[in-house]
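Here's the structure, in C-alpha cells; my notes come after.
On a predicted model such as this, the values are computed, not experimentally measured, just so you know.
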Amino acid sequence: MTRVLASTALLALAACATGKYPTPVAAPAEQCRLTQDDLIANRSLSWSDFDQRQNTQTTWSALGAAGCHEAAATAYADYLAFGPPIPGERFQTTARFHLGRSLAYAGRTEEAARIIATARRETEVGGLHWNDYVQGTVAFLRRDRATLMARQTSLAAHSGFSDRVNAGVLAGLLHCWDRPYLEAAGSGCIAASGYRAPTE
C-alpha cells in the first residue's frame, strides 16, 4: 500500500500522555486503501507495534496519523479478532478505546460510543482516573452534556499529569459541543476552551 503519511500525530492518551494536543485530520479515501494482505500482516505484530508504532503504513498508529480513520478502525477490529491476545486490563481497555476513537473520528458516532463504553477499567492504577475520561468521551458522543461537564470537572480536580491532559481533551469537547468529534478533540478546541496543557 502506498501512502504519504501526514505529519499530524494521534492525540496522546493517558497511557502515553505528552501534554500536547495535535489536531486529528481526515485523509482522502483514495489514500487509505487497506488490503486483506495488510490485515493479515498486522495480525503477526505485537500489540505495541500495531497500536503505538509506525514501522509499516498499515498499523493502527500509522493509519490514524495519516488521517485514515475508517481504515484504522477496520484494521483494529480485525486485529482484535485475529491478532495475538492483548495482555492485561490496561492494554485491553486502551485497545477498545482506540478502536472507538477511530470510529468517532470517522463520524461513526453510535458505534464509537458503544465500543468506548466497554473501555472502563475495574482497577485504575497509578492514580489515573481513566474511567472519568472514558465516561466523558461517551457522554460527548451520546449528547449528554451534564455528564461530560461532571467528568471534566472531576479530572481537572486531580493533580496527576495524565488526568490533566485528559481533562483538557474533555474541556475541548465541551467548548466545541456542536462540532464533530474529529474537530472537537483537536488542539484548536482545547486551546479555545481556555484550558492549558500541563508542561511537566
Taking side-chain hydrogen bond (donor to acceptor under 3.5 Å, both in side chains) as the definition, give me every residue that meets it alongside [X], ordered by chain and number, with sequence neighbours left out.
{"X": "Glu70", "value": "Arg108"}
{"X": "Arg96", "value": "Thr118"}
{"X": "Ser154", "value": "Asp132"}
{"X": "Ser193", "value": "none"}

Under the ring pair (Phe, Tyr, Trp, His ring centres under 6.0 Å) test, residues paired with His175 that sit two or more places apart: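 If we apply the ring pair (Phe, Tyr, Trp, His ring centres under 6.0 Å) test to His175, skipping adjacent residues, there are no hits.
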Do you know the tightest heavy-atom contact between [X] and [Y]?
{"X": "Ile190", "Y": "Val169", "answer": "CD1-CA, 4.0 Å"}
{"X": "Tyr195", "Y": "Val165", "answer": "OH-N, 4.4 Å"}
{"X": "Leu63", "Y": "Leu34", "answer": "CD1-CD1, 4.2 Å"}
{"X": "Arg120", "Y": "Glu89", "answer": "O-OE2, 4.4 Å"}

Sorted by first residue and then second, give each salt bridge (charged side-chain N to carboxylate O under 4.0 Å, His left out) pair with at least one member in residues 136-147; sequence neighbours left out.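 Output for this query is empty, none listed.
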Are any of the side-chain heavy atoms of [X] and [Y] separated by less than 4.5 Å?
{"X": "Arg179", "Y": "Cys189", "result": "yes"}
{"X": "Leu170", "Y": "Thr137", "result": "yes"}
{"X": "Pro84", "Y": "Tyr79", "result": "yes"}
{"X": "Asp78", "Y": "Ile40", "result": "no"}
{"X": "Trp47", "Y": "Gln52", "result": "yes"}
{"X": "Tyr76", "Y": "Asp51", "result": "yes"}
{"X": "Thr94", "Y": "Arg121", "result": "yes"}

Verify side-chain contact (heavy atoms from CB on, under 4.5 Å) between Thr59 and Arg53, making sure each step is shown before the conclusion. CA-CA 7 Å; Thr59 64; Arg53 299 188 178 95; over 6 Å; no
Measure up the Phe97 and Tyr133 rings against each other and bin them: parallel (under 30°), tilted (30 to 60°), perpendicular (over 60°).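 Geometry flag for Tyr133 against Phe97: parallel rings.
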When you group the ILVMFWY residues by side-chain heavy-atom contacts below 4.5 Å and let the links chain together, are Tyr105 and Trp177 in the same group?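 Yes, Trp177 and Tyr105 fall within the same hydrophobic cluster.
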Side-chain heavy atoms under 4.5 angstrom apart, residues restricted to Ile, Leu, Val, Met, Phe, Trp, Tyr: same cluster for Phe91 and Leu45?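 Both belong to a single hydrophobic cluster.
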